[in-house]
Amino acid sequence: MNDSIPSPEALRAGADRLISALAAHSDPEYRLAVLKRVVRRLGEDRYPLFIRLLGVVAESDDAHAQRLLADTFGTALRRMDLPGGALSSWGATRLPDAGGPVAVSALSGHFFGATPRRLLGPVEYLTVWHLQRTQRTALGAASFRTALSRLIALLNRSEDARTLYPQKLAADAQNEMEGAYTRATRERLAAMAAAWKAGRSPDEVAQAALDSGEDTPHPSGWVVRDL
């Protein structure tokens, strides 16, 4: 991943192009294909940029754009075909021991060899990125909470997404997906799903993900970054 931070102007321009591409088509299935194409073109290592684009739309005052994007996620959830990003499985990941920070951009996919990676939707991606050791530098708690709250507020613009996403999280929390989630992560997913289903605010749902279960600070030696 290129760790350079796009300017606010570049992010807004990217979000505008994304919404324009979705709005150009009336077919929900085609819109989903467009969204997945955007993720593919960004590339596996730049899925966090896709999440940031979602956040730009969530923070905007364009309710139509928010509904359009959220409804596309609703279509994806009905099809069980979320545009996902890949994170390495916690059970197989081994990062180098080093006395100082290791740049994510310095680690190619070949470095991890056969390490299993799982495609995760944006909510699950943020949760795993924050809680588990993956090929990425860990996501800090404040950035996790902010990004997750914005994402949930966006998804709540669609009745399908608001209903189906917490159902998916609850199901994931019950499923030991061959090491995709630690027990602590499954507890957080379950707490998030329960709060979301109960109609709690996006901030409260995000906080539930942090408050649930035992306190699990990042182990000594972890490098933590912002989104």
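Here, residue 1 is the first one in the sequence, and each next residue gets the next number.
- Checked against side-chain hydrogen bond (donor to acceptor under 3.5 Å, both in side chains), Thr146 has no partners two or more places apart in sequence or in another chain.
- Between the CG atom in Leu148 and the CD1 atom in Ile152 there is a gap of 4.0 Å [rounded to 0.5 Å].
- Of all the heavy atoms in Pro83 and Val39, the pair that sits closest is CB-CG2, 3.8 Å.
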Give every donor-acceptor pair under 3.5 Å between a side-chain atom in residues 6-22 and any protein atom, sequence neighbours left out.
unit_1	atom_1	unit_2	atom_2	d
Ser7	OG	Ala10	N	3.0
Ser20	OG	Asp16	O	2.9

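- Residues satisfying the ring-ring contact (aromatic ring centres under 6.0 Å, His included) test with Tyr47, not counting sequence neighbours, are Phe50, Tyr125.
- Linking Ile, Leu, Val, Met, Phe, Trp and Tyr whenever their side-chain heavy atoms come within less than 4.5 Å leaves Leu53 and Leu32 in two separate clusters.
- Take Arg150 and apply the salt bridge (charged side-chain N to carboxylate O under 4.0 Å, His left out) test, not counting sequence neighbours, and it matches Glu59.
- Under the 4.5 Å side-chain criterion, counting only non-hydrogen atoms from C-beta, Gln207 is not in contact with Glu204.
- At least one donor-acceptor pair closer than 3.5 Å links the side chain of Ser88 to the backbone N or O of Gln135.
- Residues forming a side-chain contact (heavy atoms from CB on, under 4.5 Å) with Ala170 (at least two apart in sequence, or on another chain): Ala193, Lys197.
- Here the side chains of Leu54 and Leu154 are in contact, with some heavy-atom distance below 4.5 Å.
- The CD atom of Gln132 lies 12.5 Å from the CG atom of Leu139; values are rounded to the nearest 0.5 Å.
- Here side chain to side chain donor-acceptor pair (under 3.5 Å) pairs that include residues 65-81, with residues two or more places apart or in two chains, are Glu29-Arg79, Lys36-Asp81, Gln66-Arg157, Asp71-Ser158, Thr75-Arg78, Arg78-Asp160.
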With a 3.5 Å cut-off and sequence neighbours excluded, list the donor-acceptor pairs that the side chains of residues 161-169 form with protein atoms.
unit_1	atom_1	unit_2	atom_2	d
Arg162	NH2	Glu159	OE1	2.1
Arg162	NH2	Glu159	OE2	3.4
Thr163	OG1	Glu159	O	2.9
Thr163	OG1	Glu159	OE2	3.4
Tyr165	OH	Val123	N	3.3
Tyr165	OH	Glu124	OE1	2.5
Lys168	NZ	Glu124	OE2	2.4
Lys168	NZ	Asp172	OD2	2.7

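- With rounding to the nearest 0.5 Å, the separation of CG in Leu131 from CZ in Arg188 is 5.0 Å.
- Smallest separation of non-hydrogen atoms from Leu82 and Phe73: CD2-CD2, 3.7 Å.
- Glu44 places no side-chain N or O within 3.5 Å of a backbone atom of Ala86 that could act as its donor or acceptor partner.
- Residues forming a side-chain contact (heavy atoms from CB on, under 4.5 Å) with Ala195 (at least two apart in sequence, or on another chain): Arg200, Val205, Ala208.
- Without hydrogens or angle criteria, Trp129 side chain to Thr137 main chain gives a donor-acceptor distance under 3.5 Å.
- For the ring-ring contact (aromatic ring centres under 6.0 Å, His included) condition, the pairs that include at least one residue of residues 15-35, sequence neighbours left out, are His25-Tyr30.
- Remark: Ser149 pairs with Pro202, Asp203, Ala206 by the side-chain contact (heavy atoms from CB on, under 4.5 Å) rule, at least two apart or across chains.
- Under a 3.5 Å cut-off, the side chain of Arg186 and the backbone N or O of Tyr181 do form a donor-acceptor pair.
- The side-chain hydrogen bond (donor to acceptor under 3.5 Å, both in side chains) test applied to Arg31 returns no partner, not counting sequence neighbours.
- Here the CG-CG distance, from Leu155 to Leu151, works out to 4.5 Å after rounding to the nearest 0.5 Å.
- Side-chain contact between Leu35 and Leu69: present, with at least one pair of heavy atoms (C-beta onward) separated by less than 4.5 Å.
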